[in-house]
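Working notes, structure below.
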Amino acid sequence: MPPSKAILSEYDRLKQEIEAHNYSYYVLDSPAISDEAFDRLFDRLIEIEQQFPDLVTLDSPSQRIGATPSKKFPAVPHRIQMLSLQKVTSMEEFVDFDRRVREGLESRSEIEYATEPKLDGLAVELVYQDGMLTTGATRGDGSVGEGITPNLRTIRNIPLRLSPQVAKSYPLIEVRGEVIMRRSAWEKLNLRLEEQGIAPLANPRNGAAGSLRQLDPRITASRPLLFFAYGISETSLTGLPDQSSVMRLLKSEGFTINDHIATAVGADKVAAQFAQLERIRPTLDYDIDGMVVKVNSFAQQQTLGQVSRAPRWAVAWKFTAEVAETTLQSVLFSVGRTGVVTPVAQLKPVRVSGVMVANASLHNEDELERLDIRIGDTVRIRRAGDVIPEVIDVVADKRPKRAEAVVFPENCPSCNSPIVRPEGEAAYRCVNVGCPAQLEGHLTHFASKGGFDIEGLGEKFARQMIADGLVKNPADIFFLTKEQLLTLDLFGDKKADNLLAAIERSRSTPLPRVIFALGIIGVGETVAKLLATAFGTIGSLRSATLEELLHVEGVGPIIAANIYEFFRNRKNQEMLEKMARGGVQFPPHHQRARSTRFAGKTFVITGTLSKPRDEFKRLIEENGGKVAGSVSKKTDYLLCGADAGSKLENARSLGVSVLDEDSFLKLLS
Ligand code: IVH
């Protein structure tokens, strides 16, 4: 049955309304309705589309979620070449550029420039045909890019369709701009990735590029990307006079335009704006690496033309960062707790922004490829966000003759078992559960501040204890004796006593920290707390079903599966049992009671219930009640499942109220 008129108009209205809300939310940054109200509109849209799949068009907001993965990106030729920019790095060089422009234009008066922040992301082109976004591609080599249309569609601030007026006047329009990731979003994303054991993204640019070039658009959809438009491919097309007018047009068509775009007449004014941009740079939540200065008038741009692949009418005026040069001595591959293998550059020590830098993470194989880094290379180093040292690039001219390529090992540098790179991930992993480097990571994580907080058990002793075979499993530390510790190098009497005292104290570590210490992938301190609160005891957490885990807010399907699998793994079960035997107390974790419904009431639980007893215990305790082990005069209720025995008899003889599961739940609600 074809859709009725009413459905058709409802569908159109929904599409428009949802896109308008997307615009308020993602472009204007000021949502007009609540998330729930938005979800209701969206759910209805999906409902209609499921009923009438033929209706679905490319401009439907549902297409932003990301369709199915593609095998490889198709090559997309740019109809008009995407140019690059000449660079200047000083006032003198800029004045030179301005002089060349004036000469080219035979102009005696000052030139009007459009000035824009140079965004540090990934350049893309969006093709709109009859007002509809049909193709999106990376810049590639300027002539041919990679077709990443489904991925670009997932970016919420990219309009999927343009206004009817623009569609009519310009049946083909190509919008260009930069996809970026905000710094704050990048930091958050990295925390998430790290908790999932996925290698973090080197910097926001890497974050944007890596997220955009995912084969599975659903992954792109989950990444916080933003598109800033900065121009169109064919400026003669619109009949507009200059760059500023194009930016206004783009803005009115719903594109996000950078806030710090301006115009300036003459080199001095441009220089003042450059200085101003450099001043506000640290306050921006996204990375910029300079200012793009464009001759504003299209007629003048036309006259100036281009040399090779860069226009004569524009220039990138780059900020000067504190950058140091040094040489790459070697690359070390380190294995973390989750088995992720990270290449680390070993550098000839050099001072950058006041700090000596001797090594820098090279993050992953993709970054090695991007840098094309070789042993002996001269590299430029900077401290990202002025903290973490990072390799910017290789000074190609200074490459020694026989510079050795950096090869990612095929085997784990610690245990020599083969390493694998899971589909869609940037990282290689060692999947051997017995890998000593992972054990070392596990052990230091186990003993870390957020975990059992065992002072003195750092990397050095962890490595020693593992090498000497004292510890094969983190739980072994609860069985360490002073005699054993004294056999280790560098372990004196006092140190051994201190470590044993710290281990003793750690036996009563609160449950959230115990859960964190287990090192379940995806379970950081926050999730550990949520789990402790939701399940109350280690027993309930161990026996939790996938469904119950998914009910915990903050726990998604991947983490839930990790937790579930963790507790079903025989080795992990043995570790938990060993911890218990070693005196770890797993103290129940009881947040403030949720209600006082059971305040002052004592329960006893017996028989077989639909869920583990711990689960009911938690419910009772959360509502202010107590659970005892045996029935007495003080017992208020016996919660009784199937096949109950003597406790039921006792309760009956003492006149204690007996509840089955249903009546218990009724009482609770
Ligand atoms: S205009 C001829 N404007 O810089 C015009 N580019 O070398 C060329 N970029 O990777 C582009 N911010 O993605 C222009 N406001 C801006 C820009 C910008 C960043 C990047 C661009 C490209 C590189 C050009």
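FYI, side chains are in, hydrogens and waters are out, and symmetry mates aren't considered; it's all heavy atoms of this structure. As the structure lists them, so they are numbered: ligands from 1, and atoms in each ligand from 1.
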Exercise. Do Thr134 and Gln129 get their side chains close enough for a donor-acceptor pair, meaning under 3.5 Å?
Worked result: yes
Exercise. If you measure from each heavy atom of Gly177 to ligand 1, is any distance below 4.0 Å?
Worked result: no
For this session: Indicate yes or no: does Asp242 engage Lys294 in a salt bridge with an N to O separation below 4.0 Å.
Result: no
Exercise. Is it true that the side chains of Tyr230 and Asn258 contain a donor and an acceptor less than 3.5 Å apart?
Worked result: no
Exercise. With a 4.0 Å cut-off on heavy atoms, does Pro311 reach ligand 1?
Worked result: yes
Exercise. Do the side-chain N and O atoms of Glu116 and His260 include a donor-acceptor pair separated by under 3.5 angstrom?
Worked result: no
Exercise. Out of Glu178, Glu116, Arg176, Gln81, whose heavy atom sits nearest atom 20 (C) of ligand 1?
Worked result: Glu178
Exercise. Do other residues, nucleotides or ligands put more than 12 heavy atoms under 6.0 Å from the CD atom of Glu404?
Worked result: no
For this session: Pick one of side chain, backbone, both or neither for how Leu85 approaches ligand 1, counting any non-hydrogen atom pair under 4.0 Å.
Result: both
For this session: State whether Glu19 and Lys15 are salt-bridged, where the test is any N-O pair (Lys NZ or Arg NE/NH1/NH2 against Asp/Glu carboxylate O) under 4.0 Å.
Result: no
Exercise. Is the closest N or O pair between Tyr230 and ligand 1 shorter than 3.5 Å?
Worked result: yes
Problem set entry | Proximity winner for atom 23 (C) of ligand 1, if only heavy atoms of His260, Met291, Lys118, Gln86 are counted | Lys118
Seminar exercise, completed: Counting heavy atoms under 4.0 Å, the part of Pro117 that contacts ligand 1 is backbone
